[in-house]
Amino acid sequence: MVSQRTRETEDSETEEETVEDEEEISKHEARAQEELSCPECDGTLHEQGGEKICEDCSLVVEEDMIDPGPEWRAFDSKERNQKSRVGSPTTVTMHDKGLTTSIDWRDKDAYGKSIAPEKRRRMRRMRKWQERIRTKDSSERNLQFALSEIDRMASALGVPRDVREVASVLYRRALEKDLIRGRSIEGVASACLYAACRTKNIPRSLEEIETVARVERKEIGRTYRYISQELGLKMEPVEPEQYVPRYCTELNLSEAVQIKAKEIIEMTTEAGLLSGKSPTGFAAAAIYAASLLCNEKRTQREVAEVANVTEVTIRNRYQEQIKVLGILD
DNA sequence: ATGGTTTTTACTGCGTC
DNA sequence: GACGCGGTAAAAACCAT
């Protein structure tokens, strides 16, 4: 009831020196994107949340893209030179951040010559210990399993890599703070992924997470709330707009409907209808209404299906929305 | 634990194709 | 008659206290 949305400026830590370089980077990105244009209207494509979206008509051109960019961030050109690149980048999605030393099993030296017998014994011992250290204790194995689970689920949902990284970091922090105790690894991993999606503005609803997770929604939600509180994650409520492009493409609706739906959401949100309501249902109702207005009607059932809400919810939101809109138009 | 709010479940009636 | 749609009541889920 009091969940009126708080528009906070998040991440307002803009340091002066970084600015020009950030610009340079974004210019570079823009150039890369200009080569591609929308098949429908030749508009510029814009990458957002693992989806390629046309800026003009909001058509989702490509989903589940692979993020080819570097996983590190460069804050100035010096740093960028340093970081780009020798060897594989470190990644938090591996339990040892991919930094393991691996010792060859062959008893040969760097020139391929056999190693003297007395050294061989030493090598063998080192190898053994290396393996022991790699998966040191239960928490390491725990992490290993959890991170592979996060990766599996993220792949199944088709979320980009940076989200997985965030999820991995969250899991590590949860583990450090000993928040896993008494909870299933699966549950915490799912919750971390859900949280990561939200922080990265790539909305995947709990329902969607549930389809790939091995735990039920209730537990994911409960665990999510717990860890987000314990880790001090400041989450803003999900904006209904974020669901619009995905739902619309799933329903084969045109860009006009998307724009209309977003309009409806904006106007009705102004009027305070969103407060306390589920963003998915809200978006679904707006899409339904927009589909009617644009003569591309979809049934309530169809919309309800893709949005994972019931028709009743759509009806209720829809009624409220058109009531407000009726006064306005 | 409790109470208030929202969503879901289940069911009914009405109009249309 | 099947289907879409609107409405309702009761159960379930959710959330803050």
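Computed from a prediction, not measured in an experiment: that's the story for all the values here. All chains are named by letter (A, B, ...) in the order of the sequence lines, taking the proteins before the strands, and each is independently numbered beginning at 1.
With hydrogens and angles left out, the side-chain atoms of Glu208(A) and Thr211(A) include no donor and acceptor closer than 3.5 Å.
Put simply, CD on Gln229(A) is 10 Å from P on dA16(C), counting in whole angstrom units. Across the protein-nucleic acid pair, Glu207(A) atom CD and dT8(B) atom P stand 8 Å apart, rounded to whole Å. Atom P of nucleotide dT5(B) and atom CZ of Arg317(A) are separated by 14 Å, given to the nearest angstrom. The interatomic distance linking Leu206(A) (CG) with dT7(B) (P) rounds to 14 Å, in whole Å.
Residues that satisfy the side-chain contact (heavy atoms from CB on, under 4.5 Å) test with Arg173(A), not counting sequence neighbours, are Val169(A), Leu170(A), Leu231(A), Leu233(A). Residues meeting the side-chain hydrogen bond (donor to acceptor under 3.5 Å, both in side chains) test with Ser228(A), sequence neighbours left out: none. By the side-chain hydrogen bond (donor to acceptor under 3.5 Å, both in side chains) test, Glu176(A) is found to be paired with no residue, residues two or more places apart in sequence or in another chain being considered. For Arg152(A), the salt bridge (charged side-chain N to carboxylate O under 4.0 Å, His left out) criterion is met by Glu149(A), not counting sequence neighbours. Residues passing the side-chain contact (heavy atoms from CB on, under 4.5 Å) test with Glu263(A), sequence neighbours excluded: Ile259(A), Lys260(A). Taking Gln242(A) as the reference, Asn201(A) meet the side-chain hydrogen bond (donor to acceptor under 3.5 Å, both in side chains) condition, with sequence neighbours excluded.
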>> Please encode protein proximity along nucleotides 4-12 of chain C as a string of B, S and -, counting only heavy-atom distances under 4.0 Å.
In response: SSBB-----
Just list the side-chain donor-acceptor pairs under 3.5 Å for residues 179-187 of chain A, sequence neighbours left out, or say none.
from      : atom 1 : to        : atom 2 : distance (Å)
Arg183(A) : NE     : Leu179(A) : O      : 3.2
Ser184(A) : OG     : Gly187(A) : N      : 2.9
Ser184(A) : OG     : Glu219(A) : OE2    : 3.0
Glu186(A) : OE2    : Arg214(A) : NE     : 3.0

Atom pairs under 3.5 Å: protein N/O with N/O of nucleotides 14-17 of chain B:
none

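Within the structure, a side-chain polar atom (N or O) of Ser278(A) is placed less than 4.0 Å from OP1 or OP2 of dT7(B).
Looking only at distances, a side-chain donor or acceptor of Thr249(A) sits under 3.5 Å from a matching main-chain atom of Arg246(A).
Listed by first and then second residue, the ring-ring contact (aromatic ring centres under 6.0 Å, His included) pairs involving residues 153-212 of chain A are Tyr194(A)-Tyr224(A) (not counting sequence neighbours). Among pairs with a residue in residues 248-303 of chain A, those fulfilling ring-ring contact (aromatic ring centres under 6.0 Å, His included) read Tyr288(A)-Tyr318(A), at least two apart in sequence or across chains.
The stretch residues 213-222 of chain A has no heavy atom under 4.0 Å from DNA chain B, so no residue of it qualifies as close.
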